[in-house]
Amino acid sequence: MNAPTPPIRSTDRAEGASTPEAATPDAATFLDRLFADGVLMPSGVDGLYGRSGAFEEVIEGFERLVERFARADGAIKVHFPPAMPRVNMEKSGYLKSFPQLAGAIHSFVGNDADHCRLIEALTEGRDWSDLQSPTDVVLTPAACYPLYPAVAARGPLPEAGALFDLKSYCFRHEPSKEPTRMQFFRMRENVCLGSSEQVRAFRERWLERGPEMIRSLGLPCELDVANDPFFGRGGKLMARNQRDQQLKFELLVPVNDGAEPTACLSFNYHQDHFGALWGLTRADGERAHSACVGFGLERIALALFRHHGTDTATWPAAVRAVLWG
Ligand code: AMP
Ligand code: ZN
């Protein structure tokens, strides 16, 4: 049952919209097994699954680990809904960098005649999307995106900076047969806002803790420099800059057979990007820097199911103790 541990390779994902979509037969086999053993339930759409009670208990157990650190650090817990104001996504630059991943919510705002057209289109099996209009809400692409404008609205940060413990369902339009690449998934994030020194120290702390946490769960892992999947030709340059400056690290765990190891945690230093964008200032009036550590909760659970089997009752006692002890 244990996954082989292929050598850690680079996780360059700068090829525009491309994500490793071509699922290997092995990856499909893992997904099939998850379905067959009731860990995930198919919906008919790739990357959109039901989760079993056991799956949720694994995530809850893991989140308790994160929460223990977050509480000790004094992080403020905030959970946003999985949607955010459209204007904030526009301002955030997400659509410039990742148009291929973004999702917006549309709804019907027509009259009786439009309603008849909608029913007609549905009855005849025609496309009905022209009868939907954009709302002022889009789907959250990363748990920290709704935070920056909300914190900026409160005024300057305290002297010591600010720490937040976030969680959100996130949407990314990247349908795939790889079970680790979902369209809706949960991200737990801890975010630090403050001086460059404060937020770098925060990231360093988590760069040490992250691998320790994952190893305590009996999982092999490796840290590597990474980049976000910036879109298009221009995106290649941004990806290279991000790597050159080591602004993103990922903690990789082998999950899908025959595929590259999967990024289960991310450690991002944004410099003063969000500070400048949202007018986030420190107590001394300087522009705030920010960093975040993101836990891909489904990916961590899937890594555990991959390495320890689909029946949590048979998992090693040490792993069970860490999660539920
Ligand atoms: P990122 O903002 O891309 O660094 O994502 C933060 C974390 O969310 C990653 O480290 C992954 O663990 C997780 N993640 C990203 N994309 C997906 C996805 N499509 N499905 C499941 N988890 C994801
Ligand atoms: Zn973040």
Side-chain angles (χ1 to χ4, degrees), residues 11-14 17 19-21 23 27 31 34 40 45-49 51 55 59 62 66 78 80 82 84 92 94 97-98 100-103 139-148 151 163-193 199 202-203 206-207 210-211 213-214 219 221-230 239 242-243 247-253 255-256 260-271 273-274 277 289-304:
T11 55
D12 193 332
R13 296 180 291 152
T19 44
E21 293 310 302
L31 184 60
L34 293 165
L40 297 180
V45 171
D46 288 339
L48 198 62
Y49 310 119
R51 281 89 163 139
F55 190 91
I59 287 187
F62 181 78
V66 178
V78 190
F80 288 97
M84 57 185 269
S92 74
Y94 194 82
S97 296
F98 313 109
Q100 78 280 19
L101 300 177
L139 295 167
T140 301
C144 63
Y145 269 67
L147 180 73
Y148 307 108
V151 175
L163 261 183
F164 294 93
D165 178 20
L166 311 175
K167 178 184 178 176
S168 180
Y169 251 105
C170 297
F171 172 82
R172 293 185 186 176
H173 185 240
E174 43 183 1
S176 169
K177 295 268 184 230
E178 278 187 3
T180 48
R181 192 169 293 284
M182 296 184 174
Q183 299 203 58
F184 269 102
F185 57 95
R186 277 160 293 180
M187 213 186 276
R188 183 106 188 198
E189 276 201 57
N190 273 23
V191 182
C192 181
L193 302 157
V199 310
F202 158 88
R203 189 170 76 147
W206 278 109
L207 278 166
M213 285 166 83
I214 294 301
L219 298 173
C221 62
E222 206 77 47
L223 275 172
D224 201 0
V225 177
N227 62 265
D228 289 310
F230 294 101
Q242 195 182 24
R243 275 178 176 269
L247 297 179
K248 186 179 190 81
F249 286 91
E250 288 177 338
L251 189 64
L252 306 165
V253 182
V255 182
N256 299 307
E260 289 190 357
T262 302
C264 291
L265 275 68
S266 309
F267 311 82
N268 305 297
Y269 173 38
H270 316 122
Q271 299 170 307
H273 173 77
F274 289 118
L277 203 59
H289 284 231
S290 61
C292 65
V293 52
F295 301 88
L297 297 177
E298 276 77 6
R299 287 189 177 178
I300 292 162
L302 288 169
L304 285 160

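Every number for a ligand or one of its atoms is a count from 1 in the order of the listing. Small disclaimer: the values here were computed from a predicted structure and weren't measured.
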Given Leu265, which partner from the list Val253, Ile214, Leu223 fulfils the side chain to side chain contact (heavy atoms under 4.5 Å, CB included) test? Ile214

Would you mind telling me if ligand 1 is within reach of the side chain of Ile300, the backbone, both or neither, using heavy atoms under 4.0 Å? neither

Suppose I only count heavy atoms of Glu174 and a 4.0 Å limit; which atoms of ligand 1 are within that range? 16 (N), 18 (C), 19 (N)

Check whether any N or O atom of Arg299, backbone or side chain, sits under 3.5 Å from an N or O atom of ligand 1, and answer yes or no. yes

Hey, what do you get for CG (Leu219) to SG (Cys264), rounding to the nearest 0.5 Å? 8.0 Å

Would you please name every residue forming a side-chain contact (heavy atoms from CB on, under 4.5 Å) with Pro82, sequence neighbours left out? Ser168, Tyr169

So does Asp46 get a backbone contact from the side chain of Gln183, meaning a donor-acceptor N/O pair under 3.5 Å? yes

Output all residues satisfying side chain to side chain donor-acceptor pair (under 3.5 Å) with Gln242, sequence neighbours left out; order by chain, then residue number. Asp228

Close approach of Glu250 to ligand 1, heavy atoms, under 4.0 angstrom: no

Going by heavy atoms, is Lys248 under 4.0 Å from ligand 1? yes

Any chance the rings of Phe274 and Tyr145 have centres within less than 6.0 Å? yes

Does ligand 1 have an atom under 4.0 Å from some heavy atom of Arg181? yes

How far does CG of Leu34 sit from CG of Leu302, to the nearest 0.5 angstrom? 6.0 Å

What protein N/O/S atoms are there under 2.8 Å from the Zn ion (ligand 2), waters excluded? Cys144 SG, Glu189 OE1, Cys292 SG

In terms of atom number and element, which parts of ligand 1 are under 4.0 angstrom from non-hydrogen atoms of Arg172? 1 (P), 2 (O), 3 (O), 5 (O), 15 (C), 16 (N)

Run the salt bridge (Lys or Arg N to Asp or Glu O under 4.0 Å) test on Glu189 and Lys167 for me, step by step, so that the C-alpha distance in whole Å, both residues' side-chain angles and the decisive distance to 0.1 Å come before the verdict. CA-CA 6 Å; Glu189 276 201 57; Lys167 178 184 178 176; over 6 Å; no

State the CG-CG distance between Asn190 and Asp165, to the nearest 0.5 angstrom. 4.5 Å

Is the shortest heavy-atom distance from the side chain of Phe249 to the side chain of Asn268 under 4.5 Å? no

Which value, rounded to the nearest 0.5 Å, describes the distance between Glu178 atom CD and Thr262 atom OG1? 6.5 Å

Under a 4.0 Å heavy-atom limit, does Leu265 contact ligand 1 with its side chain, its backbone, both, or neither? backbone

Could you list the residues that satisfy salt bridge (Lys or Arg N to Asp or Glu O under 4.0 Å) with Arg203, not counting sequence neighbours? none

Contact with ligand 1 for Cys264, non-hydrogen, under 4.0 angstrom: yes

Using a strict cut-off of 4.0 Å, indicate which atoms of ligand 1 neighbour a heavy atom of Ser266. 1 (P), 4 (O), 5 (O), 6 (C), 7 (C), 9 (C), 10 (O)

Flag Met182 as yes when one of its N or O atoms lies below 3.5 Å from any N or O atom of ligand 1, and as no otherwise. yes

Kindly confirm or rule out an N or O of Ala263 lying under 3.5 angstrom from an N or O of ligand 1. yes

